[in-house]
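Presented below is the structure to which this report refers.
Just so we're on the same page: letters track the sequence lines, and every chain starts at 1.
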Amino acid sequence: MPGVPHPIDRPSSGPITSQFGRSQAPDYLKGLNEEQREAVLTIDGPLLVLAGAGTGKTRVLTTRIAHILTTKRAWPSEILSVTFTNKAAREMKERIGHLVGSGVEGMPWLGTFHSIGARILRRHAELVGLRSDFTILDTDDQIRLIKQLLDAENIDEKRWPARQFAGMMDTWKNRGLLPRDVSPADSGSYANGRGAKLYGDYQARLKVLNAADFGDLLLENIRLFREYPDVLADYHRRFKYMLVDEYQDSNVAQYLWLRLLAQGKPASEANICVVGDDDQSIYGWRGAEVDNILRFEKDFPGARVIKLERNYRSTGNILKAASSVIAFNEDRLGKTLHNDTVEKGELLSVTSLWDSEEEARTVGDEIENYQRQGEPLNSMAILVRASHQMRSFEERFITLGLNYRVIGGPRFYERKEIRDAIAYLRVVSNPSDGLSFERIVNVPKRGLGDSTVQILYNASRSANVSLLAATRMLLETEELKPKQRTTLRELVAQFDHWSARLQSLPHWELAQQILDESGYTAMWQADKSPDAPGRLENLKELVRSMEDFETLGGFLEHISLVMDRDTAEAEDAVSIMTLHSAKGLEFDTVFLPGWEEGLFPSQRTMDESGRAGLEEERRLAYVGITRARKRARLSVAQNRRINGLWQSAIPSRFLDELPADAVEVKDTGSSYGGYGYGGGASSRFNKADPFESVYETPGWQRARNQQANRKSAGPLTIEGDLVARSVDLGNDRSAFGLGERVFHLKFGYGAIIDIEGNKLSIEFEKAGRKKVLESFIKKA
DNA sequence: TCGCCCTATATAAGG
DNA sequence: TATAGGGCGA
């Protein structure tokens with residue numbers, strides 16, 4: 001039972017060094033370097049561990065927990081240990097298990113912020129207006145709920161999209177704001193100032209539905225702790241140690257939550273250890289506040305700060321390149337990675353290519369080369385900035401017959417068929433779950449359309465009962481058309497049958513029956529679309545995975561909170577993923593394509609967040625490079641088709657920030673117009689002037705000059721460089737006129753036939769009619 | 001109510 | 001270019 005008081009057998013506290021002399025050091029401390037060891041052994045009081053990429057951060061966290069357990073300073077149930085992802089939590093559990101042996105039961109309070117928040121919320125649900133079996137809504141449910149509210153408020157969903165509002169509420173909840181805390185300014189940016197009111201309505205609706213969204217899992221915790229100090233005090237007594245992973249990714253709500261939980265002791269004595277790396281903070285757009293890590297020492301006065309800078313992952317050149325790029329950022333605590341090996345390793349390579357197809361071909365060739373040299377595909381990865389870049393690689397690898405796997409992308413449980421199946425199960429498990437009932441009432445098609453559902457809704461509202469209960473009532477009246485009434489009667493009867501069988505059947509068998517008897521399986525069997533077999537396969541997988549859970553309730557909790565499916569790594573395959581999802585991973589060889597201004601750094605981020613945005617992009621570059629153990633191969637495509645139109649691009653400024661002596665510039669010889677770089681890595685790396693090109697080859701210079709020409713409409717300054725491309729000269733007046741003869745790098749000569757803002761329709765002499773951006777056109 | 005066609009839109013993504 | 005969602009006609 002968690003939380004049962006027990007005597008703790010405390011070792012006499014003395015100086016750390018004397019506590020474990022060299023000879024009696026326990027096994028788990030062996031192989032740690034000095035800083036790591038210190039981070040593990042500094043147990044009492046606040047501690048900030050700044051852990052650079054590849055410095056053994058997870059090892060420190062897990063060893064620290066093992067140390068606390070082995071020295072019996074706390075039971076597993078007295079350690080609160082939070083991560084951001086399920087994957088990280090799983091990994092930690094596993095590694096702690098290895099360290100302390102099988103003797104210790106799993107740690108009940110090791111998990112993601114959300115899973116722990118949900119756990120706490122279920123214990124005290126009544127205090128915040130929920131029942132302990134509340135449903136956790138995902139984004140999809142959320143949107144549908146918002147749409148209902150907008151409908152009720154007569155707000156035009158086209159003018160004010162539900163998605164947008166969901167995003168706003170997410171932001172508010174990330175900042176720890178309740179409806180009453182939302183500022184008029186924030187509220188005003190949606191539906192003519194009705195934002196805060198809608199937020200309030202939404203929260204009220206959730207309580208009626210006995211549901212919470214992801215944001216609530218923390219927000220309601222905060223409310224609970226603030227309104228019920230005795231509940232909070234109980235957790236203060238319970239948690240003797242707190243550990244937080246990836247602290248740089250925490251948002252305001254998470255920060256508040258942690259601070260409340262840490263308040264059991266004076267701040268200077270709090271046993272809280274946070275681990276993070278300000279240089280790897282790449283989730284600002286998701287509400288993360290780097291400031292949390294930057295001000296840790298203020299929040300917890302007297303905190304120890306330990307920097308882990310010794311890197312065990314990458315070669316000297318890779319570290320040098322990564323350090324050099326990240327040094328261009330101003331907002332950082334300042335760490336420098338180093339390693340002990342003299343080995344500098346291979347140079348990083350930068351290759352400029354004609355377009356994304358050539359980029360994919362080149363990467364494909366290189367991969368096959370490495371493969372011939374005996375390197376497994378599993379040791380190689382392609383890391384892209386935006387998911388649309390993946391396509392050309394996938395296409396190329398399919399033609400080559402090269403095994404690849406895409407990491408990330410649509411997650412298992414977000415698939416339509418899985419969500420439908422879960423909706424059925426949720427209704428069986430919790431008949432008052434109206435959103436789920438609504439989702440599947442007409443799936444498969446039963447002839448119950450919008451108007452029928454509307455009738456059900458109205459009845460449910462006016463009688464203040466759940467949708468299913470309202471349906472039962474309506475079956476006794478004449479309100480529904482006979483056909484619909486019969487159909488609904490059958491459906492309700494089916495649900496009754498299934499609910500009854502919940503006691504007598506294993507839940508996975510019941511699930512299979514539900515899918516079959518409801519006609520859901522048949523629906524996909526009859527579907528002739530190419531993805532139907534895959535969906536049926538997914539459904540089987542779902543039913544199979546249910547066997548791992550004791551109860552249906554347990555399974556549903558898991559599926560709400562644990563969204564990731566373990567990626568099967570059995571097969572040898574190249575990984576393709578975004579830079580964001582690569583954080584925490586490592587590969588021998590890393591391909592970094594698409595280092596072009598506008599794509600990486602992303603124009604949108606720079607437009608929206610200015611210098612801070614650029615710095616976050618640069619951290620992303622840092623994350624990308626530091627994923628490589630032995631090799632980093634970067635590339636630039638001069639032309640890229642984005643949203644159907646061709647854009648020509650110039651090399652990313654981040655390339656100029658690489659140290660020239662760690663980089664080799666490749667000339668593929670196939671580039672148009674001498675864009676290739678003639679003579680290998682060049683001369684000089686000048687940190688004082690970040691915007692001066694470091695590569696003095698002719699091709700590079702030409703590319704740079706092109707950039708200058710393109711911006712000639714505005715003043716060209718160094719500051720201007722950061723924001724230059726947000727200057728859109730096309731919006732009110734175009735530099736071109738109708739009928740004018742122009743030249744495009746890829747399509748050649750043509751005449752302008754239409755101008756919309758900065759998009760020009762051009763009839764090309766050879767290439768036909770195309771829409772292109774004005775900035776890629778020159779007067780002929 | 002269903003289904004097709006048209007049009008609007010387009011980072012990154014955890015729980 | 002690809003897709004998703006809404007509108008409208010049968």
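Contact footprint of chain A on DNA chain C: nucleotides with an atom under 4.0 Å from a non-hydrogen protein atom, first to last in 5' to 3' order, C/dT1 to C/dG7.
Going from atom CZ of A/Phe214 over to atom C1' of B/dG15 covers 5 Å, rounded to whole Å. The separation between A/Asp249 atom CG and B/dG14 atom C1' is 9 Å, rounded to whole Å. Atom C1' of nucleotide B/dA13 and atom CG of A/Asn251 are separated by 14 Å, given to the nearest angstrom. A/Asn174 places its CG atom 14 Å from the P atom of B/dG14, with the value rounded to the nearest Å. Spacing between atom CZ of A/Arg446 and atom P of B/dC2 amounts to 11 Å, rounded to whole angstrom units. In this entry the distance linking NZ of A/Lys158 with C1' of B/dT7 reads 13 Å, nearest Å. Taking atom CD of A/Gln603 as the reference point, atom C1' of B/dA12 lies 16 Å away to the nearest angstrom. Atom CG of A/Asp170 is separated from atom P of B/dA12 by 17 Å (rounded to the nearest Å).
Here A/Glu246 pairs with A/Lys57 in a salt bridge; the nearest charged N to carboxylate O distance falls below 4.0 Å. In this structure, A/Arg419 pairs ionically with A/Asp138, as a charged nitrogen and a carboxylate oxygen lie closer than 4.0 Å. With respect to A/Glu357 and A/Arg396, no salt bridge is recorded, no charged nitrogen being found less than 4.0 Å from a carboxylate O. At a threshold of 4.0 Å, the pair A/Arg391-A/Glu394 does not count as salt-bridged, since none of the basic side-chain nitrogens sits closer than that to a carboxylate oxygen.
The base of B/dA12 has none of its N or O atoms less than 3.5 Å from a complementary donor or acceptor on the side chain of A/Arg286.
Mapping A/His114 and A/Gln484 onto DNA chain B by nearest heavy atom places A/Gln484 at the nucleotide closer to the 5' end. Summary of the strand contacts: A/Thr605 and A/Asp450 both lie near DNA chain B, and taking for each the nucleotide with the nearest heavy atom, the more 5' one is attributed to A/Asp450.
For the salt bridge (Lys or Arg N to Asp or Glu O under 4.0 Å) criterion with A/Glu220, the lone passing option out of A/Arg122, A/Lys173, A/Arg123, A/Lys207 is A/Lys207. Tested against A/Asp249, the residues A/Arg286, A/Lys583, A/Gln254 include a single side-chain hydrogen bond (donor to acceptor under 3.5 Å, both in side chains) partner, A/Lys583.
In this structure, A/Tyr283 does not pack face-to-face on the six-membered ring of B/dA13, missing the 5.5 Å centre cutoff or the 30° plane limit.
Among the atoms of the strands shown, only primed sugar atoms or phosphate atoms (P, OP1, OP2) are found under 4.0 Å from some heavy atom of A/Thr452. Residue-level contact check: A/Lys147 touches the backbone only, with heavy atoms under 4.0 Å from sugar-phosphate atoms and none from bases. Across all strands shown, A/Glu608 has heavy atoms under 4.0 Å from base atoms, whether or not it also approaches the sugar-phosphate. Among the atoms of the strands shown, none is found under 4.0 Å from any heavy atom of A/Arg163.
OP1 or OP2 of B/dA13 sits under 4.0 Å from a side-chain N or O of A/Thr578. Distances shorter than 4.0 Å separate some side-chain N or O of A/Ser581 from OP1 or OP2 on B/dA13. The side chain of A/Asn442 places an N or O atom within less than 4.0 Å of a non-bridging phosphate oxygen (OP1 or OP2) of B/dC2. Residue A/Asn86 places no side-chain N or O under 4.0 Å from the OP1 or OP2 atom of B/dG14.
Aromatic pair A/Trp257/A/Tyr255: centroids not less than 6.0 angstrom apart. No close placement of the A/Trp160 and A/Phe165 rings is indicated, their centers lying 6.0 Å or farther apart.
Geometrically, A/Arg618 does not engage A/Phe654 in a cation-pi contact defined by less than 6.0 Å to the ring centre and at most 45° from the axis.
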Reading DNA chain B 5' to 3', what string of ( ), [ ], | and . shows its pairs, if Watson-Crick and G-U wobble pairs count only when both distances fall under 3.5 Å?
||||||||||.....

Carefully, step by step, assess A/Phe555 and A/Leu425 under the rule side chain to side chain contact (heavy atoms under 4.5 Å, CB included).
CA-CA 10 Å; A/Phe555 169 76; A/Leu425 296 171; 4.2 Å; yes

